[in-house]
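Everything on this sheet refers to the single structure shown next.
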Amino acid sequence: MSQIGFADILWNLIMAAGWTVVLSLISFVGGGLLGIVLLFARIGKVSWLRVVVKIYTEVFQGTPLLMQLFLAFFGLGLLGIDVPPSLAAGTALILWTAAFLVEIWRGCVSAIAKGQWEASASLGMTYVEQMRHVILPQAFKISIPPTVGFSVQVVKGTALTSIIGFVEVTKAGTVLANATFQPFTVYGLVALIYFILCYPLSLSAKALERKMNVTHRH
Amino acid sequence: QANALEDISAAGKIRVAVPQDFPPFGSVGADMAPQGYDIDMAALIADKLGVDLELVPVTSANRIPYLQTKKVDLVISSMGKNAERDAVIDFSEPYAPFYNGVFAPADVEITEASDLSGKIIGVTRGSIEDLELTEVAPQDATLKRYEDNNGTISAFLSGQVEAIATGNVVAAALIERNPPKLPEMKFLIKNSPCYIGFNENQPELMAKLNSIIETAKADGDLDAISQKWLGMPLPADL
Amino acid sequence: MSYQFNFDWIATYWPVFIAGIWMTIQLIVVGGIVGIALGILCAWARSEGPKWLGFITAIYVELIRNTPFLIQLFFIFYGLPALGFRMTEVQAAMLAMVINLGAYSAEIIRAGLEATPKGQVEAGASLALSPLQTFRHVVLVPALQKIWPALCSQVVIVMLGSSVVSQIAVEDLTYAANFTQSRSFRAFEAYFVSTLIYLALAIALRFALLALGDMIFATKRRATR
Amino acid sequence: MSLIAIDALKKSYGKTEVLKGIDLHVKQGEVIALIGKSGSGKSTLLRCINGLEQINDGAISVAGEQLINDELHLRALRLKVGMIFQQFNLFPHKTAGQNVMLAQQVVKKRPKADAVAMARKMLDRVGLSDKFDSYPDQLSGGQQQRVAIARALAMEPMALLCDEVTSALDPELVAEVLQVVRDLAAEGMTLVMVTHEMAFARDVCSRVVFMHQGRIHESGPPEQVFNNPQTPELRSFIGMTG
Amino acid sequence: MSLIAIDALKKSYGKTEVLKGIDLHVKQGEVIALIGKSGSGKSTLLRCINGLEQINDGAISVAGEQLINDELHLRALRLKVGMIFQQFNLFPHKTAGQNVMLAQQVVKKRPKADAVAMARKMLDRVGLSDKFDSYPDQLSGGQQQRVAIARALAMEPMALLCDEVTSALDPELVAEVLQVVRDLAAEGMTLVMVTHEMAFARDVCSRVVFMHQGRIHESGPPEQVFNNPQTPELRSFIGMTG
Ligand SMILES: Nc1ncnc2c1ncn2[C@@H]1O[C@H](COP(=O)(O)OP(=O)(O)OP(=O)(O)O)[C@@H](O)[C@H]1O
Ligand SMILES: Nc1ncnc2c1ncn2[C@@H]1O[C@H](COP(=O)(O)OP(=O)(O)OP(=O)(O)O)[C@@H](O)[C@H]1O
Ligand SMILES: [Mg+2]
Ligand SMILES: [Mg+2]
């Protein structure tokens with residue numbers, strides 16, 4: 001255990017932050033894709049599917065992400081799947097992210113005025129055509145600011161994967177804090193890295209929201 | 001029941017749970033790669049089995065679930081043996097010495113378990129120290145159980161606990177790095193050498209591991225590892 | 001699947017779970033009350049307070065909202081002692097929750113304050129109420145009423161987020177699960193049970209908070225009488 | 001034979017019966033004004049004819065075909081009757097031209113070139129040939145409502161249902177929309193419209209239907225209804241709105 | 001001596017000057033109507049007198065004391081003049097009685113019992129003694145405005161400023177509020193009110209002040225202003241509002 005200097009700390013944290021970014025991207029993209037599928041079930045016409053997705057979102061929003069990580073980690077293993085921390089982390093984060101995105105997006109769909117449904121219906125469009133051409137394009141637009149805003153939660157959520165042993169920036173931080181006896185510096189740097197990752201997302205979410213309130217144009 | 005040893009050979013790879021928060025058994029260097037007694041031991045086993053080695057960093061709290069859920073083939077993470085554990089997993093012959101005790105700065109007066117009365121002691125959850133100390137500590141001693149050794153040691157260094165229970169060599173490694181608080185051994189809790197853990201009902205694997213350990217003891221390989229990381233020869237009674 | 005589920009350990013470890021649930025409840029009660037109070041202060045500082053105070057508050061809010069709770073917790077528990085601030089793990093956990101909820105609720109409450117019609121403030125002023133009196137008696141309650149559901153959701157989120165405080169050895173519900181699995185080696189079952197308990201707590205907490213809101217903001221009920 | 005035939009139609013929301021048995025037959029080329037107090041059920045009646053509301057009892061048929069509540073039949077029905085709303089309900093993310101083209105392409109599967117040609121023709125018909133590429137929020141209320149009319153016309157319906165198409169407009173914009181409706185009537189389009197513009201109704205309609213508390217209380221040619229109302233309710237209604 | 005003295009008052013928003021030099025003296029017991037076109041600066045003038053807007057130039061004094069823009073002076077001023085708004089601005093989370101009591105308790109530190117007694121008296125005075133425990137959203141607009149008047153009166157001001165207190169009311173509720181104002185005038189309260197109710201102004205006021213483009217264009221007793229306007233602007237204004 002040789003001397004670990006400030007530069008080493010910083011370098012190791014930045015390398016680990018790469019995993020944080022990768023994990024965030026996986027969660028967000030995967031959660032987004034799953035979220036779209038679930039969204040169609042959530043607002044679709046099959047009532048039992050609607051209920052199932054509703055329960056899904058309630059459960060995943062009503063339990064700690066940490067517990068979901070533990071369960072993915074140890075539960076998937078029980079199914080005979082070999083689960084490295086990265087797979088468990090990805091799975092839990094995707095399921096968790098999807099649960100929130102479904103609800104955010106459902107809110108956007110229901111924010112579309114009833115008149116849009118009626119006008120498109122009276123033009124003879126089917127449910128799918130209404131969705132495809134009238135409702136979703138509008139919902140998509142208003143969903144951008146809250147979706148970007150939620151991405152901050154995803155980035156921060158990845159910190160919990162440290163607890164199941166995935167070596168991203170938080171885990172690297174705990175290891176380094178212990179190895180260097182400089183918790184103040186190390187956790188300060190870790191916080192700074194997260195801030196640098198998240199703050200631009202927060203800012204752009206706010207800016208998008210403001211822009212949308214000023215002009216709600218195409 | 002599958003034959004784990006055959007599975008390992010077939011895969012050409014062995015997955016070993018090792019610590020990375022527990023010098024000198026397992027810690028990280030400036031490049032964040034694991035290093036230590038347990039890592040060298042894992043390398044030795046892999047070498048003798050003629051398979052590749054995959055190191056999986058674990059904590060004291062989660063290493064047994066890792067094994068049970070077959071995320072790893074072996075646990076080589078300075079794990080002590082007790083009845084509870086023996087009921088759920090199997091152990092090899094011991095491969096390293098381990099004396100765990102209670103450590104505190106010089107100005108804290110503790111000489112035996114009863115002196116822990118009213119004190120706050122940090123320990124790593126699920127470790128042998130945790131299990132043993134839970135038995136012997138007086139009622140009014142407060143045990144703070146941390147998730148991993150990082151937590152325990154950080155809590156000690158930042159003064160959140162007055163004393164910690166850990167291995168003597170761990171404390172020694174700590175002292176070597178010249179921390180702000182110097183731990184000194186107050187009393188020995190238990191002599192509890194380290195064993196390799198693996199899933200139950202694997203006689204072939206157990207036999208193979210034991211023979212590798214025997215050989216390593218005999219031909220000095222293990223002694224070399226001990227010299228390298230513990231700075232002392234392998235005790236004869238191991 | 002060869003794994004056999006086994007819940008025998010509950011017989012031995014249920015007291016640990018009870019203690020853990022109780023700790024989690026204590027954390028969220030203290031964190032919730034003090035956190036919302038801090039949120040109100042910060043919301044006031046940002047919308048009506050002196051400029052410099054608003055600025056500092058803005059930095060605080062953004063720092064907290066853009067870093068993980070776990071890091072805030074580590075920073076407080078392991079980092080602050082290096083500067084000479086030491087506290088027990090429970091105090092550290094409560095402080096972290098207060099700081100976290102304070103920042104989020106500040107933003108939520110501020111939205112409520114900004115939605116208050118200007119006429120309300122002017123009516124207060126023209127009755128010779130000082131700005132602080134106007135805030136306290138005229139603006140605050142309707143603003144809180146407006147954003148109460150959002151605030152409730154945030155409190156539930158913070159309660160669920162508190163599951164990481166076991167990392168610093170706070171003996172909460174997650175600690176109970178961790179402790180149990182490290183003794184009984186029944187990881188999946190222990191986490192499964194505690195997840196269910198969290199779900200129940202979350203539902204109960206939301207229900208209780210909404211009911212509390214109906215009680216505090218009695219006007220709503222009477223209006224629909 | 002009637003183009004639109006409504007018989008003993010009943011409609012309730014929950015426990016409150018909003019339409020209490022409506023009989024109304026509309027012949028090809030007729031222009032009908034529905035008048036009546038707020039809440040009398042005028043909008044509900046139109047919405048039932050367009051299949052936007054499920055009916056509880058009675059029957060509606062359009063061009064001889066019965067209204068049945070499944071997607072296929074509804075679609076067929078809606079191809080026969082277009083509807084214009086008080087709130088325009090243009091699609092805000094599409095230009096005027098795209099608004100008119102969308103259903104043609106999606107529902108009628110017209111090739112794009114044909115849809116464009118039809119959209120141009122219809123926008124021209126409502127006097128907005130230069131607004132093809134404007135988005136709804138770049139248009140005045142009156143222009144938006146005319147686009148909505150063009151959009152309905154592009155589907156070549158046999159009848160148009162209009163629900164207070166000028167109520168959401170500033171007074172100075174009402175005339176331009178009414179002129180379009182007047183032209184449609186003159187060209188022989190079958191129209192059923194809810195309106196509060198009594199002068200317009202008197203001028204343009206072939207028949208005025210007065211609704212009261214979910215029933216057709218009185219109906220007849222405009223001269224009779226306006227100059228010689230038979231019931232006290234209609235008298236009071238006409239007096240009220242002047 | 002004047003109760004309210006305004007001299008050479010100027011007020012700008014950004015670069016646009018809204019009040020361009022106002023001189024107005026109001027004696028104890030006078031009832032003044034401010035009239036004028038929308039945007040002429042009537043509301044702004046009232047708001048300046050109440051200290052809700054900072055003035056750019058000139059001076060305002062009430063009961064001999066100069067208006068200075070710090071919290072202490074502003075509060076002292078506002079204890080002397082009460083204000084009633086177009087939008088009532090009752091506190092929605094408090095009952096009518098609590099609305100009237102709040103400032104008494106918080107500002108005047110009256111004991112609760114006294115505040116209750118005063119609130120009952122004032123609600124009685126505006127004819128709402130039975131609404132003490134009603135919340136604003138349970139009251140009609142006219143009742144809400146009367147509670148607002150009671151709330152201002154409970155602070156025992158020397159003058160009341162009223163900004164279009166009936167403009168937000170349905171026509172059938174206007175009379176009840178005007179009756180309360182009429183009673184106040186009769187009891188000798190000093191009133192400065194912006195109003196569009198010309199008949200009321202003529203009837204109740206001792207002086208009518210016509211504002212035009214940020215200036216007092218003409219003023220005098222109602223008979224003179226309404227029957228014999230001197231300037232074309234006032235003539236056109238009076239003709240306009242009939
Ligand atoms: N979705 C609904 N749910 C319950 N009741 C409804 C619904 N839509 C309309 N109603 C009720 O049905 C009755 C008739 O409403 P409708 O809109 O048909 O009246 P209308 O004659 O069009 O009135 P207006 O002139 O105000 O548009 C009203 O009492 C209304 O409250
Ligand atoms: N806060 C403000 N910022 C900028 N300009 C303002 C503001 N308030 C009022 N104005 C402008 O000041 C001018 C006078 O406004 P004021 O409200 O005093 O008119 P008014 O005579 O009360 O009209 P009305 O009869 O419509 O109430 C207007 O041109 C208005 O646009
Ligand atoms: Mg209607
Ligand atoms: Mg005004």
Side-chain angles (χ1 to χ4, degrees), chain B residues 1-2 58-71 75 79 82-89 120-132 134-135 142-162 164 179-181 197 199-201, chain C residues 1-6 8-9 12-13 15-16 19-20 23 70-71 73-93 95-96 163-172 174-192 194:
Chain B
Q1 193 88 27
V58 295
T59 65
S60 304
N62 68 20
R63 56 196 173 187
I64 290 175
Y66 258 84
L67 187 62
Q68 287 178 314
T69 53
K70 307 207 168 54
K71 293 182 207 300
V75 174
M79 184 163 62
N82 73 356
E84 262 181 313
R85 284 181 183 166
D86 221 353
V88 288
I89 62 172
I120 301 176
I121 308 103
V123 64
T124 301
R125 179 165 52 234
S127 65
I128 280 287
E129 307 88 89
D130 176 13
L131 304 177
E132 294 297 331
T134 308
E135 300 284 317
T142 312
L143 290 192
K144 292 292 171 206
R145 298 183 180 85
Y146 294 91
E147 183 73 19
D148 56 20
N149 291 298
N150 284 323
T152 310
I153 293 169
S154 294
F156 175 72
L157 295 174
S158 57
Q160 299 287 8
V161 295
E162 301 168 74
I164 51 172
K181 272 196 165 55
N199 279 316
E200 299 203 283
N201 303 320
Chain C
M1 194 170 101
S2 59
Y3 194 85
Q4 293 296 311
F5 287 95
N6 180 334
D8 297 345
W9 50 269
T12 318
Y13 292 104
V16 185
M23 174 57 73
L70 183 60
I71 293 299
L73 188 70
F74 283 163
F75 195 86
I76 290 172
F77 191 65
Y78 295 131
L80 287 190
L83 299 185
F85 301 101
R86 175 152 311 129
M87 58 200 93
T88 69
E89 69 283 349
V90 175
Q91 291 165 342
L95 179 63
S163 61
V164 303
V165 300
S166 67
Q167 289 293 300
I168 58 168
V170 175
E171 299 178 5
D172 74 332
T174 306
Y175 177 91
N178 281 331
F179 181 85
T180 303
Q181 72 92 349
S182 76
R183 303 295 157 110
S184 70
F185 312 116
R186 288 286 163 189
F188 185 76
E189 291 91 330
Y191 291 127
F192 185 73
S194 55

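Throughout, protein chains are lettered first and strands after them, A, B, ... in sequence-line order, and every chain is numbered starting at 1. Given the structure is predicted, the values throughout are model-derived calculations rather than measurements.
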Minimal heavy-atom distance between Ser158(B) and Arg86(C), with the atoms involved, is O-NH2, 3.0 Å
Between Gln160(B) (side chain only) and Thr88(C) (backbone N and O only), is there a donor and an acceptor less than 3.5 Å apart? no
Sequence-distant partners of Asp86(B), side-chain contact (heavy atoms from CB on, under 4.5 Å), two or more places apart: Lys81(B), Asp90(B), Phe91(B)
Correct closest heavy-atom pair for Gln167(C) and Tyr146(B) would be O-CD2, 3.8 Å
Using non-hydrogen atoms only, which part of Phe74(C) is less than 4.5 Å away from chain B: side chain, backbone, both, or neither? neither
Turns out that what part of Leu157(B) lies under 4.5 Å from chain C's heavy atoms comes down to neither
Can you tell me which portion of Arg63(B) sits under 4.5 Å from chain C's heavy atoms? Options are side chain, backbone, both or neither. neither
Max heavy-atom pair count under 4.5 Å with chain C, selected residue of Ala87(B), Ser154(B), Pro65(B), Gly126(B): Ser154(B)
Between Arg145(B) and Tyr175(C), does any side-chain donor sit less than 3.5 Å from a side-chain acceptor? yes
How long is the straight-line distance from CD of Glu89(C) back to CD1 of Ile120(B), given to the nearest 0.5 Å? 7.0 Å
What pair of heavy atoms forms the shortest contact from Tyr78(C) to Ala155(B), and how long is it? CE2-N, 3.7 Å
Taking everything shown except Phe192(C) itself, do over 12 heavy atoms lie less than 6.0 Å from its CZ? no
Bottom line for Thr134(B): the part with an atom under 4.5 Å from chain C's heavy atoms is side chain
Given Ala169(C), Pro81(C), Gly79(C), Ser182(C), the one with more heavy-atom pairs under 4.5 angstrom with chain B than any other is Ala169(C)
Check whether any side-chain N or O of Arg183(C) sits under 3.5 Å from a backbone N or O of Glu84(B) as a donor-acceptor pair, and report yes or no. no
What heavy-atom pair brings Asn178(C) and Glu147(B) nearest, and what distance separates the two atoms? ND2-OE1, 3.3 Å
